[in-house]
Each structure stands twice: as C-alpha cells, then as structure tokens.
Amino acid sequence: MSAETPSPSSAHLLEIYRTIVQTRLFEARVIALNRHGKISLYASSEGEEAGAVACASALAAGDWLFPDYRSTGALFARGVSMSAFLSQLMGTGNDSSKGRQMPTHIASKELRIASVSTPVGNGIVHATGLAWAAKLRKGPEAALVLFGDGATSSDGFHAGMNIAGVHRLPVVFICRNNQYAISLPLAMQTASKTLAAKAEAYGFPGIQVDGSDPIAVYEATAQALARARSGEGPTLIETAAYRLGGHTTSDDAKRYRTDEPGNAWRKRDGLENLRLHLESLGLWDTEQDNTLRDEIGKEIDRCVTRALEEPSPPVSSLFDDVYAEMPRHLQEQRKDVLP
Amino acid sequence: MCLYGLRPVAEIQFADFVYPAFDQIVNELAKYRYRSGGQFGCPVVVRMPSGGGVKGGHCHSQSPESYFVHTAGLKVVMPSNPYDAKGLLLAALRDEDPVIFFEPKSIYRTEKIEVPASDFTVRLGKAATVREGSDVTVIAYGAMVPLALRAADTASKDGIGLEVIDLRTLLPLDIDHLAASIAKTSRAVILHEAPRTCGYGAELMAQIVENCFWDLDAPLARVTGFDTPFPYALEDEYMPNEQRLLKSIRQTLQA
C-alpha cells in the first residue's frame, strides 16, 4: 500500500476493538438464543468479525453498505444497535423491515444499509448499481459490498465486477475468503491462484489482506474508498479468514471437514491480535478489557430481555408494502386473515 | 440505482433472454419494497419485445408473461397499439413499483393510429373494451387484440357480435371490467400466444369462474399457443389465428 494510506486514530482503533468484542459476545448469545428456539437461524461470523468491523469503519456517513448475511460486525460498525438487530433476528414488530426477512437480512434506509439478498453475489450487482447512479449524478458517495468466497462463482460477481470496471465506478468489493461455500472448499470453487487475481481480468486492482489484521483491513478499505471517490474506480479486497463455525446454525461442519484448520486459525484471531496491539501501545489493559466485556454482556442482557417482549408484526401488515398502493386483489385476500 | 433515487429503465433485447435476470427481477426487484418493510421502493421499468409472428424461432418468439404475473410485487403490462404503448409506458415510468413492460414485436410496425405528441398516460390496471358486442366476450392482450378485432369483423358478417376486451395490464387484473362484459354476453373466449398450461388464460378462467359463474351460459374456452417449444417452420400453425378463434367462438355459442 502507498505511503499516504490513512491509518486509524487511537480512538478509532479502540472503537473498532470494542465493536469486534461486541460482535463476538453478541453472536455467542444469539447462537444460545437459536438453541433455545428464539431465533430460527443464524450465520456466525466467528473468526471473521475483525475484518467486517474494520472495513465498514472506513465508510463515510454518506456511503452505502451492502452487507451479506455474515456481516454482523459491519452492521455494528455502521451504527446498527444490538437492540435493532435483535428485533430483526427475532422478526418482531419493532424490526425496521417489519419482520419480513429471515434472520441477519437487515435493511436500514437511515443508516444507508441496503436490504440483504439471500442469493449470494446479488448484492455485488446492487452495490455496482448504486455506485453507477452516484457517478451519473456526480455524487460523493461510494458503495462497499461484503460477500464470501462462494459468491465469486456467481453470475452477480461477474456482472457487477465487469460493469464496475468498465465505468470505473466508486465501489469497493470486500471478499471475505473464509475458505468454504457452505460445504465446498475453496479448491473446488476456483482454479485461480487467489480470488483477488480475478480483479485483473476486470481491469482494476485486486489485493489480498489478512482478515485477522483489522488495521490492515481498515487501511486497505480506506485507500480503496479514496480511490473510488477520486474517480479511479473499484477495488477488490480479498480478506483471508476462516469460517470457524458452520455455514449457519442449521449446518454441521464436522460432516465435511476436520477441526485442524479451524484450530490453527483460532490462533490468529483478529480480536486477540488487536487487543495485544492496543496493549502494546499502552491504550488498553486487562482490567479495561474485563470491564468492557462486562458492560457489553449486561447491555446484551437488557437488549435480549426487551426484544423477547416485543410483539410480532400485526397480522394486518402481511399485505403492506407489496406495492406502494395496495391493489384490489390484495385488499380482497387481506380479508381472509383479518378478524 | 433506485436506492440512489433514480428510475432505471432496463431493456431486454428479446423477452426470450430475460431468464438470466429472473433472479434479479423476482427475488430482488419485486421484493425489495416488501422485504425492507417499505423503506426502499424499486421504480424500475423492464421493457422487452415478446411474442411470435416474426419467424424468430424458439429464442425470439416467446411470451413469458405468466412467469411474471405469478410474482408478487410486479406489475405486468402489454399494450396492443401505439397509443396505449405510449400512455402505458409513461404511466409505468411514473409508477412507484417495478413494471414488466412487454412489447408485442409482431405489431411494432403493423398497427397504425394517431398518437398525440403531448404528455398523456393510460392508467395501469385498467382494461378497455375495444369492440362492443352482445354474444361472446373475447379477452385478449398484446398482438392478439388486432387478431380478435379481425375475427369480430368476420363474425359480424354471420350476425355474431363479439365484444373484444384488451386487458392492457395483466397484473393487477381489471376483473370488474371482465365481469361487466360477461354479465352481458354470458360467454367468453380467452386468447393468448403463450402456451396453454398455466398460461395467463388459466388465471383468467379461475377468476371468471370465481366471480361470474352464475352469469355463464357456456364453458369458458381458450385459444392459445400450444404446449410445445415455439417452432420455427410451423410458426403459423402454432400461433392462434382467426380460424381457430372463430371455431372456438362457434363452439362456445353452440354449448
């Protein structure tokens, strides 16, 4: 990376660390809630939190985030509250999307977070479209899209990357290479030496960054965003990581892979890396860490208690928002569910 | 682009080539408003030339409207003449929801009527009676409307009055307009180019039976494309024509 790469300030680094810790503790609680039947499904980002938090932390307020279903750290970095996310995960009436999507599929107009697409790679197309619109209107906004290694085999990856390259669009592609597309290992997904190498064919830079090094991810993203804004076009950033958990809580990864690679990856945990770095700078100590974890744990308790009490969306809302105005046939069908 | 406030218009060169975009249209475009709890709308118009009659073979002739009519969140439009084409297209461009706009390519150059240069719209979701008659209602859309009108001319020589309805918008369907016509004629024949099984005619029949059963004096009938791939050499035999339509009308009248 070039010398003018923007580095995060100490305060910013501490904020990134807090958000990574929050993501780790939050996800552990969500998985417990899943096991208790309170949340139907969850896609854990354990081991990948640092990269997700760091890249989204580089966004400006006016930028747009296009997350996928394993982007919890990025959502928190963007300003989604644990309370709001729990409403989404439980599909309560307080969810900003009115309980319309399966867990982790958030959308927030206020925070400029696009609606999460379930088909992998679709968000790449949408981020490219947003960036194209921004370029057409000469706006200052850039788009950041997160996707996994599996998405690089999708039609959306090709369509989005291709058009983004052609028009030099202000979009940053973050490919979290966690080595698995559900059960399919990377070697069975592509014969490319790296995923970053794919960018070359589309005519823009692709780089590899250690996903367990949040400072490196932050700097790479900040530089890519600066490139995007200055009209130099898109960047593909491949963050190397490993999906420590299953694909989702409905998946048992032991059926298709051994524990050894995961155990090795646990030793290069982004959370621990950053904690040790902050301690070495004199910015953090064990006592502060214990206090932080305690505070976050209590906040999670409060948020979970509240979310469990939130009512379901009203039955009458089933037919809302299909169209801007409810057509006659939906008005008729609506009578079938209303008392 | 919609998130940014633009109103994109996508043009699919031929409707036969829309299938790679099916996921984006059905899972994304159609559902974005609903799944975001109304936070984001997608006012996109997807234009595509559709239908046969141009010797285009399997991949330049299809009528895939039913796939989209089956999709909650979309509006589906097909004009039958230049006036409606302009008015419906302007209405679609100003609509807050995604509109699939089929352009029946066989009548691009054959239907000639005056079209005002001024700004006007034809409201989405409204059918039109393009020929009044009292004996049989013929329900058509797109390039089948001029065919129905030709059949109405022929039938009138035999003293048969066909009422021809141009649906113009397939989703949402203007069932009230159909019901009013069938209340008068008590008989209906549905006409479309698309294959019969689960074609749009199947939905029309279902809704007519639900809404107009006691008005009917004869079984509903369909004149459609066949459940075969769209052929090249035998295109004329595949496409609904005046003879097949008139035969069906006579059977309906005899029932």
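Order of the sequence lines fixes the chain letters, A, B, ..., with proteins taken first and strands second; residue numbering starts at 1 for each chain.
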Exercise for the section: Tabulate, in ascending numerical order, the residues of residues 172-210 of chain B having at least one heavy atom closer than 4.5 Å to a heavy atom of chain A, or enter 'none'. Expected result: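 Listed by number, the contacting residues are P172(B), I175(B), D176(B).
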Can you measure from [atom1] ([X]) to [atom2] ([Y]) and round to the nearest 0.5 angstrom?
X: R112(A); Y: Y4(B); atom1: CZ; atom2: OH; value: 7.5 Å
X: Y32(B); Y: H126(A); atom1: OH; atom2: NE2; value: 6.0 Å
X: D321(A); Y: D97(B); atom1: CG; atom2: CG; value: 10.0 Å
X: T118(A); Y: E28(B); atom1: OG1; atom2: CD; value: 8.0 Å
X: K31(B); Y: R100(A); atom1: NZ; atom2: CZ; value: 12.5 Å

Heavy-atom cut-off 4.5 Å, strictly under: side chain, backbone, both or neither for [X] against chain B?
X: I113(A); value: backbone
X: A114(A); value: both
X: V116(A); value: backbone
X: N122(A); value: both
X: R328(A); value: side chain

Quick check on [X]: does its [atom1] atom have over 12 non-hydrogen neighbours (other residues, nucleotides or ligands) under 6.0 Å away?
X: F14(B); atom1: CZ; answer: yes
X: K109(A); atom1: NZ; answer: no
X: H329(A); atom1: NE2; answer: yes
X: Q331(A); atom1: CD; answer: yes
X: Q13(B); atom1: CD; answer: no
X: R7(B); atom1: CZ; answer: yes

Exercise for the section: Compare all side-chain heavy atoms of P20(B) with those of D155(A) and state whether any distance is below 4.5 angstrom. Expected result: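 No; the side chains remain at least 4.5 Å from each other.
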Handout entry: Positions in residues 75-96 of chain A that reach chain B, provided some heavy atom is under 4.5 Å away
Key = S96(A)
Problem - Contact residues of residues 132-144 of chain A (partner chain B; heavy-atom separation under 4.5 angstrom) - result: W132(A), A133(A), A134(A), L136(A), R137(A), G139(A), E141(A)
Practice task
With a 4.5 angstrom heavy-atom cut-off, could you sort out which part of L6(B) is near chain A: side chain, backbone, both or neither?
Solution key: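 Contact with chain A is through the side chain of L6(B) alone.
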How far apart are the closest heavy atoms of [X] and [Y], and which atoms are they?
X: A107(A); Y: F40(B); result: CB-CE1, 4.1 Å
X: S108(A); Y: Q39(B); result: CA-OE1, 3.4 Å
X: L171(B); Y: Y323(A); result: CD2-OH, 3.6 Å

Problem - Residue, of S317(A), A324(A), G99(A), G129(A), that accumulates the most heavy atom pairs under 4.5 Å with chain B - result: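 Going by pairs under 4.5 Å, I would pick A324(A).
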Handout entry: salt bridge (charged side-chain N to carboxylate O under 4.0 Å, His left out) partners of R227(A), counting only residues at least two apart
Key =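 Salt bridge (charged side-chain N to carboxylate O under 4.0 Å, His left out) list for R227(A), sorted by chain: E232(A).
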Problem - side-chain hydrogen bond (donor to acceptor under 3.5 Å, both in side chains) between R35(B) and S117(A), intermediate numbers included - result: CA-CA 10 Å; R35(B) 75 187 208 200; S117(A) 300; 3.2 Å; yes
